[in-house]
Q: 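So that we are looking at the same thing, I have put the structure below in structure tokens.
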Amino acid sequence: MNASLLAWIPGLPLAAVLVNLLLGDRLGKKGTAWLACGAVVAAFALALRAVLQLAALPEHERHLSEVAWTWMRVGTFSVDVAFLLDPLSAVMVLVVTGVGSLIHIYATGYMSHDPSFRRFFLYLNLFMFAMLTLVLADNYLLLFVGWEGVGLCSYLLIGFWYERPSAAEAGKKAFIVNRIGDFGFMLGAFMLVTATGSLQFDRVFSAAPHVFTAAGVTLATLLMFLGATGKSAQIPLFTWLPDAMEGPTPVSALIHAATMVTAGVYMLARSHVLFELAPATMQVVAVIGAATALMAATIGLAQNDIKRVLAYSTVSQLGYMFMACGVGAFGAGIFHVMTHAFFKALLFLGAGSVIHAMSDEQYMRRMGGLSSRLPFTHGTMAVATLAIAGVPFLAGFFSKDEILHAAWASGHKGIWLAGIVGACLTAFYMTRLYVLTFRGPSRLSHEAEHHLHESPPSMIVPLVVLAVLSVVGGYVGMPFQQGGNAFETWLHPVLSAGGHAAHHEVSRGVEWLLILLSVGVALLGIVLSLRSYLWNPATATALQTRFAGLHRLLVNKYWVDEVYDAVLVRPFVGISEWMWRFWDAKVVDGLVNGVGTTLEGGSAILKLFQNGYVGTYALFITLGVIALFLHFLR
Amino acid sequence: MLPIPYLTVLVFFPLVAAVLVAVLPQRFERSARAWATLAAAIEFVASLPLWSRLTPSAPGFQFEENLAWIPSIGARYHLGVDGISALLALLTTLMTFIAVLSAWTSVERRSREFYAMLLALEAGMLGTFFCLDLLLFYVFWEAMLIPMYLLIGVWGGQRRIYAAVKFFLYTMAGSVLMLVAILSLFQMQRQFTGVPSFDLTSFYAMPIAPTLQLWYFLAFAFAFAIKVPMWPVHTWLPDAHVEAPTAGSVILAAVLLKMGSYGFVRFAMPMFPNALAVCTPTIAWISIIGIVYGAVVAMVQPDLKKLVAYSSVSHMGFCMLGLMAMNAQGFAGSMMTMLSHGVSTGALFLLVGVIYERRHTRAIADFGGLWKVMPVFSAIFLVVTLSSIGLPGTNGFVGEFLVLLGAFMTKFSWAAVAATGVILSACYMLWMFQRVVFGPIVHEENRGLGDLTLRERLVFAPLLLLIFWMGFMPQPFLDRMQPALDRTLELTHQRAERSAALVERAPGIRLVSAPSGDGGSRP
């Protein structure tokens, strides 16, 4: 068994980055495309090989790790650059490299007209390196390297078209909001070191139950969760993700849907031992997840930019994943990470294909009736829409059902209810997106109509592959299996550690009822949406005028950005100005210059006594003598 | 050991080179820069044994030289290095070389004198790091001031005289108090042992009553705090940086500021440990204020150099916080921050210098869209910005992380407040970067800007290498500094115990404990 290749999984994309940097424009477009895609596909092959090796091991030995080098060792604190492959990271690494490969290939078509083609793939490869480091890290600090690394690439790729001020602004916003989360993550990590003496996963998890107080572990996990809300765009740090749509669409698919934003869920699942020790934190996670899922879904109802709808949908689906974690069903959360990666990447790539075909139009009010003109895009998008809506026997159905089931079974009835309502909303806004884009009368401008074309094969093939995955990807998680489904069985060695993996059973009948309910609300959402937008478009307009206030609230995204700006950003800049102009310039420098002026003034007076005239000196001597004389006389 | 007085050679070679460059005939005015670069390069190569031949774990100091200097008062010419000073000396020789190389086209008048000053400054800085005699330390400490003062005052910008005088007076104000403290300590030392000496090791051996320590500590700490610079005595720094020529700013940021934190580790902390213990919370909170304050004020600076200067206040706050944590992680983090701040902030000033040379402005508002015209510059700018933000994988992260970890282990609240600096640094650096590099080109003058020349790329190459090397493989650096830091920590604790014991034996009577049979004569 040659495990030493683990480091090469993130290493290959990094090597491609370096080659790209060294050769520069000599690579040409073709060379760049082959290099970038080749590195990622090779990483996928390596990952597959490693995972097969892992699967060949007996269940309790599925834990490959290797130390590359000592990163820092100070006193008793030591942390290595070390990689770990276990069933959990195996799922992640396959999703990341697999979906990553498809998106890379797609991007060679999508970005083919961009003058900064090479820079794009440089960033994209760098992202793969960071993301793979994140999921393969063997300790929290190396995970943090990947964690901030993907944040950096996200920053660079959102701001890829840097000449657009809005893109540069959105990139910066993403980075800073993420940094707020990272602040929490870092403090959480410090708590882990001080309590357990290590940041290495195994050591932290084995020590945690013995060394942590209940309050300590609650605080530590809350801080780590703050990090997750930043990376995975949850309340209160979700505001950066919709703005991130300024980036090229393949970026939205790869980073802001399939991989990076799920890092928070992965981190929680990885740390499930800690979170299970802190029931209060779990409660917070579940509630935040449910609230985010609902809030983002409602905003999604009223957006008209195709990518923004998908962005809010992503925020909402991420909320489902946290819901799962919060009710203790980490496996279901990761399952949803996987299926979501398939259908959401597909949705974004499909949207990209539409945007590409429409010469960079993203506004759904100017689309419509595209189904016949873009047959492949339409077909695959339709599959993805059904998958995310939760229509039976597609990938999203299984994973969403799993989450709702876990919420109910663990007694979180309120969370379950939120999930059911969210599912209905999801079906509604996704159908709306589908109808506005592909159905109904064409609202294209004459110009757009003229240029309309189906995308090249490099873009269509990934769509088809992802569509297949969106159909079959869920069957690893078939319900009604004895002792949990295949996916859960695979994750079992990781998620059972800590002995908390409570398996709540409900009766067959209740399980059927739950499934029927979730299918029911999905179909309800679809039908309502079809009715409002396709069969009787007047309904939508009527609803809009009837609930104008609500509609405005949703269109304006609850004014969260505006509130943050007024409450946080502007006062902060004001304080900065004041500190500089008043405190620094007036108070401190005033004092310093005051000392200078006083000395100067003092010396100016003293100077008078030393003017070089003998007469003056003689006068002072005389005065002095007289003074002494008077003194002694008394 | 090397067969030559190695450290002396390192200190005096740049000084000799400075004199030679200064007295070059007029017709060498143009080529002075080449000679100076050569000298700085030789000096850097000559300093490499400080890396390769240092035995970090060996106790005490290495490459020691110890000669009589002023026998009547026992002042000695005593040089030596340990892991701490060796690394700082390497930083000095590297950054001096880079500063000299960077100035090739920016200094147009009196270039012989300019390079002579840079080299003389190098000699002063190395002497300060190497010397182990307090009087000699004071001499070097003050000697360093003069070339820096002239660099700002002669080759500086518009308000150079104000800035130079401010720099000089601020530093003098602190160091005068330090001189008084040194002389008083000397007196005490003579009483204690009967043998006059300014030797650092003899001061290390002398316990001092805790009540008295406070005054000495404050005198030393004040001098060093100004140099660091700690809030609120930092206001000389933005002015000095703004007015200084690029090379001066680079040296000022990269090395001179480290004199302050070095002074704390080497002198103020181990010599007066009981006073330190009393002041630790105060200094820690002042450092934390510095971290936040520097970052907050950096946010709204319209001038690139001022922004970087205030970011230095913030970063040096991390340095001091690490020291106040008084544990292995904090110390190592502080030392790593010193090194990486030297590299990153030095690089930032160089980058500002590059565009200043092309546009003769440092106002952020005068730029925008530079990526379009200067892609290589912008890419390097990006890497350095990220290193300054402390992105994991760059040098800045290692130091910041260890400092915060150390602080956390000592006091939760220290780390919690200081860690906001991590968010703030991203705010002000990325906002600045966005305004300079991203967006469309709004000023026509920027459209024709040339990208980095080969010489400029050479200037940045070693710095970029260090940014990633220290970020991904900091262990060689940590291995070199740790034994020395551990010893300092241990010495501080030991001395604290010994000095505290004085009080129990003779409370309030004696300032220092005299060994039995002490024949020391009073002056």
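In what follows, chains carry the letters A, B, and so on, assigned in the order in which the sequence lines appear, proteins first and then strands, with residues in each chain numbered from 1. Note that the coordinates shown come from a computational prediction; the quantities given were computed from them, not determined experimentally. Just the heavy atoms: all of them, side chains too, but no hydrogens, waters or symmetry mates, feed the values below.
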Q: Let me know if B:L404 has heavy atoms under 4.5 Å from chain A in its side chain, its backbone, both or neither.
A: both
Q: Heavy atoms under 4.5 Å from chain B: which residues of residues 147-166 of chain A carry them?
A: A:E148, A:L152, A:Y155, A:L156, A:Y162, A:E163, A:P165
Q: Quick one: CE on B:M326 to OG1 on B:T488, what's the gap to the nearest 0.5 Å?
A: 9.5 Å
Q: Please confirm whether the backbone N or O of A:K172 pairs with a side-chain atom of B:W431, one donor and one acceptor, at under 3.5 Å?
A: no
Q: So what's closer than 4.5 Å to chain B heavy atoms on A:M72: side chain, backbone, both or neither?
A: both
Q: Looking at every non-hydrogen atom in both residues, tell me the closest pair between B:A426 and A:R179 and how far apart they are.
A: CB-CG, 3.8 Å
Q: For chain A, which candidate among B:M336, B:Q301, B:M481 shows the most heavy-atom pairs at distances under 4.5 Å?
A: B:Q301
Q: Could you pull out the closest heavy-atom pair between B:A416 and A:F183, with the gap in Å?
A: O-CE1, 3.3 Å
Q: Using non-hydrogen atoms only, which part of B:K372 is less than 4.5 Å away from chain A: side chain, backbone, both, or neither?
A: both
Q: Heavy-atom cut-off 4.5 Å, strictly under: side chain, backbone, both or neither for B:S425 against chain A?
A: side chain
Q: Is it the side chain or the backbone of B:F477 that comes within 4.5 Å of chain A heavy atoms, both, or neither?
A: neither
Q: Quick check on A:T194 against chain B: is it the side chain, the backbone, both or neither that has a heavy atom closer than 4.5 Å?
A: side chain
Q: Which bit of A:L21 is near chain B, if near means a heavy-atom gap under 4.5 Å: side chain, backbone, both or neither?
A: neither
Q: Just by distance, do the side chain of B:R480 and the backbone of B:P476 share a donor-acceptor pair under 3.5 Å?
A: yes
Q: Please determine whether the number of non-hydrogen atoms from other residues, nucleotides or ligands lying under 6.0 Å from atom CZ of B:R457 exceeds 12.
A: yes
Q: Does any N or O in the side chain of B:Q329 come within less than 3.5 Å of the main-chain N or O of B:V403, such that one atom is a donor and the other an acceptor?
A: no
Q: Under 3.5 Å, side chain of B:H234 to main-chain N/O of B:G294, donor-acceptor pair present?
A: no
Q: Measuring heavy-atom distances to chain A, does B:I389 have an atom under 4.5 Å in its side chain, in its backbone, in both, or in neither?
A: both
Q: What residues of residues 115-143 of chain A sit under 4.5 Å from chain B when only non-hydrogen atoms are counted?
A: A:R119, A:Y123, A:L141
Q: Examine whether an atom of B:V165 lies under 4.5 Å from a heavy atom of chain A, and if so say whether it belongs to the side chain, the backbone or both; otherwise answer neither.
A: neither
Q: Check each atom of B:D239 against the heavy atoms of chain A and say whether the ones under 4.5 Å are side chain, backbone, both or neither.
A: side chain
Q: Could you check, using the six-membered ring where one of them is a Trp, whether B:F472 and A:W71 have ring centers closer than 6.0 angstrom?
A: no
Q: Could you tell me which portion of B:Q475 (side chain, backbone, both or neither) has an atom closer than 4.5 angstrom to a non-hydrogen atom of chain A?
A: both
Q: If you tally heavy-atom pairs under 4.5 Å against chain A, which of B:L405, B:V296, B:V422 wins?
A: B:L405
Q: Between B:L478 and chain A, which part of the residue has a heavy atom less than 4.5 Å away: side chain, backbone, both or neither?
A: side chain
Q: Between A:S198 and A:Q200, is there a donor-acceptor pair closer than 3.5 Å when you use the side chain of the first and the backbone of the second?
A: yes
Q: Measuring heavy-atom distances to chain B, does A:V193 have an atom under 4.5 Å in its side chain, in its backbone, in both, or in neither?
A: side chain
Q: Does a side-chain N-to-carboxylate-O contact under 4.0 Å join A:D80 and A:R73?
A: no
Q: Look only at the side chain of B:K306 and the backbone of B:P238, and say whether a donor-acceptor pair between them is shorter than 3.5 Å.
A: no
Q: Taking the six-membered ring for Trp, is the centroid-to-centroid distance between A:F190 and B:F401 below 6.0 Å?
A: yes
Q: Without swapping roles, check the side chain of B:T337 against the backbone of B:G333 for a donor-acceptor pair under 3.5 Å.
A: yes
Q: Checking B:L169 against chain A: side chain, backbone, both or neither under 4.5 Å from a heavy atom?
A: neither
Q: Test your reading of the model: is there a side-chain donor-acceptor pair from B:D451 to the backbone of B:F377, 3.5 Å cut-off?
A: yes
Q: How long is the gap from CG on A:L237 to CD1 on A:I176, to the nearest 0.5 Å?
A: 12.5 Å
Q: With respect to chain A, which residue among B:G393, B:A298, B:C427 yields the maximal number of heavy-atom pairs within a distance under 4.5 Å?
A: B:C427
Q: Under 4.5 Å heavy-atom distance to chain A, tell me which part of B:D479 shows up: side chain, backbone, both or neither.
A: side chain
Q: Do A:M267 and A:F185 pass the side chain to side chain contact (heavy atoms under 4.5 Å, CB included) test, and can you show the C-alpha distance, the side-chain angles, and the key distance before you say yes or no?
A: CA-CA 10 Å; A:M267 192 265 285; A:F185 186 90; 3.7 Å; yes
Q: Is the backbone of B:G322 close enough, under 3.5 Å, to the side chain of B:S334 for a donor and an acceptor to pair up by distance?
A: no
Q: Using modelled atom types only, decide if a donor and an acceptor are shared between the side chain of A:W240 and the backbone of A:G230 within a distance under 3.5 Å.
A: yes
Q: Relative to chain A, which segment of B:M299 carries a heavy atom at a distance below 4.5 Å: side chain, backbone, both, or neither?
A: side chain
